Amino acid sequence: MNNYIILSVFVALFLVFVALGFGSSRFRRGDMSDLGEWALAGRKLGGYLAWFLVGADLYTAYTFIAIPELVYEKGAVYFYAVPYVGMTFGIAMITMPRLWRMAKGKNYVTAIDMVQDKFNSKSLAILLAFTGIVAELPYIALQIYGMQAVLTVMIGHLTATDANIVTEIALIVSFIILAAFTFTSGLRGATITAVMKDAIIFASVIVIIIVVPIRIGGFGVAFTDAKTLATGTSTLAGLFLNGFISLTIMSALALYLYPHAINGVLSTNSTKRLRMSTALLPIYGIGLALLALFGILIYAVPSALGDVAKYGPVTVVPSLIYAEFPDWFVGFAFLGIFIGGLVPASIMAISQANLLTRNVVKIAKPNITAKTEARLSKWFSVMFKFIALAFIFAISATYSLELQLVGGIIILQTLPAIFIGMYTKRLNKYAVGVGWAAGMITGVYMILDANFFIAHLPSLQTTFFKFATPFSFIYIGLIALLVNLLFAIVGSLIMGGTKEAAVKTAKA
Amino acid sequence: MSSDGSDTDWNYKAKGTAGQKVVVAILLIFPMLIFGITPLYNVDKPTLLGLPFFYWFETVWLVVSAVFYVIAALMLNRMEGGDSE
């Protein structure tokens, strides 16, 4: 291998990426000092770009790094990502056009804007805004883990001695560049670079999934070499069925509660285009399924297993690519994975910034001008990127996926207010608040219990709760959501619904 | 963007006959239901290209789901009326 060719291809393509990021502020030009222009690309995205943008939320380090890592380490239960993706877009087809319609007339930028009007409660809005902001943090941290994994393999082969420090510097430099172009181009930058990222990823995944099985003599060989994985190899072992089903359904419910997903939805230009692009998104999931299978394929490639032993299971996909392909292709695919973490991190930080500006600052200071609003969001998005970066230098998680699953438990607690609140006036704002608190306490307690109180693990390793059979391995998110719903619904029945803020729509 | 105002109505109700609504509901719910009933596909045979049934079925079902969803989207878009896009 010539590692300098890999590095050159990687850097050259990264420069193209940066140029696109800065240049995209001219795309369907709008007044960037307006929040709707900066954060929602002026709500002008048609079907194709919306498809790429929402797809960008899906094709992240979650797909390239976290899922393959755990399929490799633990096996079949982590293939739940595939039915999750299939299911989540069905849920989005039902809920999102309605949210879009509610948002359009009143110029909402976040789902919490809707909650604030619907429940006529500023406190609930602030509470849920912070919930969204906190839930995004581990998701962004996961992106950084993914970028780090690529750099570790690439730089590790170049220099054995200084690999760590070079990797860290490279990460920080890329984040400064990302922060700069998100600042100038907003969601347009993220959308245009998402097209580049997905083109590279699609091409790489298709090449890899055809070439590697042929070279090793078919998938069957890899499944035989994988022997017995803890949660099952060719099918789910025993009670991991519980984990699989609960992870699938809860992840499917959670995706469209995340502020970044809703941000993508609100940037489309009509309900019809939104619906059609959502309907086609399961196609994106095929790439996810193939990448998850890399976690099994790698068992038939001994030299890749050597790299994984050296650099850690988080490098399953980059190690497999490094072992099997020519230098230029390795550089090409690595860049895809790297910006596959950067672009979503940008979208997520934009959506966090919107929440903080619209649903916290604006409530405290209602008189800020549109210009100040946009300026604040831009600076907040810079701030959140660096908070996430600090987060990964500070927190240790054994498996990167568990970070995202903790984020899932947190964001699920906004489900009653957003998904149910969208349809009915019968929920009571106090009951929703109490449900939120009950769900959050249950979720956090169970995470601590499963990882530290019972097992005394050194770091975060699981989001399954260890019940007695037959309920073992249920995802904590399910239990926390049920507790939340119980309080929210029973409380609302006792106290009665909330009066909406005066809604200006004509009731003919 | 449709200009008839229904886009911004908080109390928007989908147009269309009861029959159409039932068909749309089935088109949306059926793919999700199959994904949710995991025991249906938690088996290793028959294999495809060396892949156990569990893995290839879920992948193929993504494509089937997309087809169901697209038909539902076409129906819903027609029921919504307004500008054709």
Side-chain angles (χ1 to χ4, degrees), chain A residues 46-47 76 79 82-87 89-91 93-94 97-98 100-102 104-106 118 213 217-223 232-236 241 244-245 248-249 252 269-273 275-276 278-286 288-290 292-293 296 500 503 505-507, chain B residues 1-2 5-14 24-25 27-39 41-45 47-78 80-85:
Chain A
F79 210 67
V82 174
Y84 140 48
V85 163
M87 212 182 257
F89 298 116
I91 293 170
M93 294 251 326
I94 297 167
R98 182 175 175 93
W100 189 96
R101 207 175 270 121
M102 294 170 90
K104 170 77 179 162
K106 299 179 79 79
K118 189 88 186 191
F219 279 108
V221 177
F223 274 95
T233 309
S234 54
T235 57
L236 292 164
L241 192 63
F244 188 90
I245 296 176
T248 299
I249 299 176
N269 64 4
S270 78
T271 46
K272 290 177 183 172
R273 293 214 173 118
R275 218 176 256 128
M276 192 49 82
T278 308
L280 285 165
L281 275 165
I283 301 297
Y284 248 108
I286 297 169
L288 169 83
L290 301 178
L293 284 170
I296 304 281
E500 279 174 29
V503 176
T505 47
K507 287 181 183 138
Chain B
M1 274 173 265
S2 89
S6 64
D7 262 1
T8 59
D9 189 350
W10 275 42
N11 302 304
Y12 174 84
K13 289 262 187 303
V24 167
L27 285 168
L28 291 178
I29 291 167
F30 182 67
M32 296 198 264
L33 196 67
I34 297 296
F35 272 131
I37 310 176
T38 308
Y41 53 85
N42 189 24
V43 291
D44 58 355
K45 298 235 158 47
T47 59
L48 179 75
L49 304 167
L51 280 174
F53 185 79
F54 176 75
Y55 292 90
W56 71 257
F57 173 80
E58 289 170 57
T59 311
V60 169
W61 197 253
L62 285 174
V63 182
V64 177
S65 305
V67 171
F68 275 69
Y69 294 159
V70 166
I71 298 171
L74 288 170
M75 287 183 66
L76 282 166
N77 285 356
R78 183 170 301 175
E80 197 171 280
D83 307 346
S84 56
E85 293 181 302

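This is a predicted model, so every value here is computed, not measured. The sequence lines fix the lettering, A, B, ..., with proteins before strands; numbering per chain opens at 1. Both backbone and side-chain heavy atoms feed into the values below; hydrogens, waters and symmetry mates do not.
- Here the OG1-CG distance, from Thr59(B) to Leu288(A), works out to 9.0 Å after rounding to the nearest 0.5 Å.
- Residue contact with chain B, scored on non-hydrogen atoms closer than 4.5 Å, is absent for Tyr284(A).
- Leu74(B) touches chain A through backbone and side chain together, each having a heavy atom under 4.5 Å away.
- The candidate with the highest count of non-hydrogen atom pairs below 4.5 Å against chain B, out of Val82(A), Leu236(A), Leu280(A), is Leu236(A).
- We find the CD-OG1 distance between Glu80(B) and Thr271(A) to be 3.5 Å, quoted to the nearest 0.5 Å.
- In this structure, Met32(B) CE and Ile37(B) CD1 are separated by 12.5 Å, a value rounded to the nearest 0.5 Å.
- Between the CG atom in Leu76(B) and the CD1 atom in Ile71(B) there is a gap of 12.0 Å [rounded to 0.5 Å].
- The structure places NZ of Lys272(A) at 10.5 Å from CZ of Arg78(B), a figure rounded to the nearest 0.5 Å.
- With respect to chain A, the highest number of heavy-atom pairs below 4.5 Å among Asp44(B), Leu27(B), Thr47(B) belongs to Asp44(B).
- Chain A is approached within less than 4.5 Å, heavy atom to heavy atom, by Gly50(B), Leu51(B), Pro52(B), Phe54(B), Tyr55(B), Glu58(B) from residues 50-58 of chain B, ordered by number.
- In terms of modelled atom types and a separation under 3.5 Å, the side chain of Tyr69(B) and the main chain of Arg275(A) share no donor-acceptor contact.
- Side-chain contact between Leu62(B) and Phe35(B) is present, with at least one heavy-atom pair separated by less than 4.5 Å.
- Side chain of Trp100(A) to main chain of Ser270(A): no donor-acceptor pair is present (N/O by atom type, distance under 3.5 Å, no hydrogens or angles).
- When heavy atoms are compared at a cutoff of 4.5 Å, Leu281(A) does not approach chain B at all.
- Ranked by heavy-atom pairs under 4.5 Å with chain B, the list Thr248(A), Ile286(A), Leu290(A) is led by Ile286(A).
- A search for side chain to side chain contact (heavy atoms under 4.5 Å, CB included) contacts involving Ala292(A) returns Ile67(A), Val71(A), Phe79(A), not counting sequence neighbours.
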